[in-house]
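Here is the structure we will look at.
What you see below is based on every heavy atom in this structure, not just the backbone, and it leaves out hydrogens, waters and symmetry mates. Keep in mind that what you see is a predicted model, and the values were worked out from it rather than measured. Order of the sequence lines fixes the chain letters, A, B, ..., with proteins taken first and strands second; residue numbering starts at 1 for each chain.
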Protein chains: 2
Amino acid sequence: MRLSSLADYAVVMMSAAARHCGSIRLNATLLADETGLPLPTVQKLVSKLSGAGLIESTRGTGGGFRLSRPPAAISLADIVEAIEGPIAMTSCVDTGKHDCAVEGSCRVKPHMGTVNGAVRGALAGVTLAQLSAQAPVPAVAEHA
Amino acid sequence: MRLSSLADYAVVMMSAAARHCGSIRLNATLLADETGLPLPTVQKLVSKLSGAGLIESTRGTGGGFRLSRPPAAISLADIVEAIEGPIAMTSCVDTGKHDCAVEGSCRVKPHMGTVNGAVRGALAGVTLAQLSAQAPVPAVAEHA
DNA sequence: GGCAATCGGATTAAATTGATCTGATTGAGA
DNA sequence: TCTCAATCAGATCAATTTAATCCGATTGCC
């Protein structure tokens, strides 16, 4: 019930990338230096995000990458799915996996679909544009 | 972004237990046989759920356990938290963990709190009573 | 044509998780 | 009263997944 560290890192990295909206060339080294994340980790994330189509990367000396869509069109769900794969709370939700012992008479499965949709909706409701905004959050009291 | 198998099993197990609302004595062997889950796994779950206060267990020959609250008063969030600990999408949300590299200027954290709340709300909205209902789901088309 | 810089995939080590085993506890029966 | 059987509880061990590192392929510049 916790998204992986890599997905977490990816969100931080993409958020930092969104702040460089104007500059064309971004590279892994720059973002690693900026976010404090290890360079190899950032490189790995670049590979995955590029494969998912969220960023467009070019190799070579003058290479680098940039967001393939404007920040407002990239949601947390996109990033999480790019790193972790489809959002599915239980393996039941994925089609084709049927190792559940009570497959036939499982009452839990349909409700999990509902929960799953709620989770995905919550993630899809937050865009990179919101994350890269300066400081729109008015002193959240958190879970005091 | 997927809850652990143990938490999944716990939901199935508690759902099966809720269907035995009338009978006082439940034991791990019975539920293992009924759900098809391995007996040691069910025993482990019983320990955790008992520790969390969701079930009341007694040892000895005539021992066993029962739900400490009515099924309508036990939600998925309760079960998941009993097995996995506090629901927190990122370690940022847990108080006291500050190994994030961009702690000071992190724009992601407050939004994660929102997402986290949405997830927990979705889990808290489903009770054991709903899960143990016979078949209220009218032929879900799923993700065809 | 050589060189430097970048992404891409593969390998290795660590951590978390899941399953098994053994021990402590309790009640029933002789 | 004592022994035995049945149960939960905790600890141990193996497996899977995950995260970090390393090396190779590709490309533009000099």
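Put simply, CD1 on A:Ile83 is 12 Å from P on D:dA20, counting in whole angstrom units. Atom CG in B:Leu26 sits about 10 Å away from atom P in D:dC8, given to the nearest Å. The CG atom of A:Leu3 sits 15 Å away from the C1' atom of D:dA19 (whole-angstrom rounding). One can place CZ of B:Phe65 at 11 Å from P of D:dT7, the figure rounded to the nearest angstrom. Atom CZ of A:Arg2 and atom P of D:dT18 are 15 Å apart (whole Å). When the P atom of C:dA10 is taken as reference, atom CD of A:Gln43 falls 16 Å away, rounded to whole Å. To the nearest angstrom, C1' of D:dT21 lies 11 Å from CG of A:Leu39.
B:Asn27 meets the side-chain contact (heavy atoms from CB on, under 4.5 Å) test with B:Thr29, B:Leu30; sequence neighbours excluded. By the salt bridge (charged side-chain N to carboxylate O under 4.0 Å, His left out) test, A:Arg59 pairs with no residue at all, sequence neighbours left out. Remark: B:Glu84 pairs with no residue by the salt bridge (charged side-chain N to carboxylate O under 4.0 Å, His left out) rule, at least two apart or across chains. Residues passing the side-chain contact (heavy atoms from CB on, under 4.5 Å) test with B:Pro70, sequence neighbours excluded: B:Ala73.
B:Glu34 has no carboxylate O lying under 4.0 Å from a charged side-chain N of B:Arg19, or vice versa, which leaves the two without a salt bridge.
OP1 or OP2 of C:dT6 has not a single side-chain nitrogen or oxygen of A:Thr58 nearer than 4.0 Å. Look at B:Ser5 and you'll find a side-chain N or O under 4.0 angstrom from OP1 or OP2 of C:dG18.
Counting heavy atoms from C-beta on, the side chains of A:Leu76 and A:Leu131 come closer than 4.5 Å. Within the 4.5 Å cutoff, side-chain heavy atoms of B:Leu67 are placed close to those of B:Met14.
Backbone-only engagement by A:Gly64 is indicated by non-hydrogen atom pairs under 4.0 Å involving sugar-phosphate atoms exclusively. Within the 4.0 angstrom heavy-atom criterion, base atoms lie near B:Ser47.
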Residues A:Ser15, A:Ser132; criterion side-chain hydrogen bond (donor to acceptor under 3.5 Å, both in side chains); working and verdict: CA-CA 6 Å; A:Ser15 176; A:Ser132 58; 5.8 Å; no
Evaluation steps, side-chain hydrogen bond (donor to acceptor under 3.5 Å, both in side chains), between A:Asp78 and A:Ser75: CA-CA 5 Å; A:Asp78 294 327; A:Ser75 70; 3.2 Å; yes
Between N or O atoms, less than 3.5 Å apart, protein on one side and nucleotides 26-30 of chain C on the other: list the pairs.
| unit_1 | atom_1 | unit_2 | atom_2 | d |
| --- | --- | --- | --- | --- |
| C:dT26 | O2 | B:Thr61 | N | 3.3 |
| C:dG27 | N3 | B:Thr61 | OG1 | 3.1 |

Report each atom pair, protein N/O against N/O of nucleotides 11-16 of chain C, whose distance is under 3.5 angstrom.
none

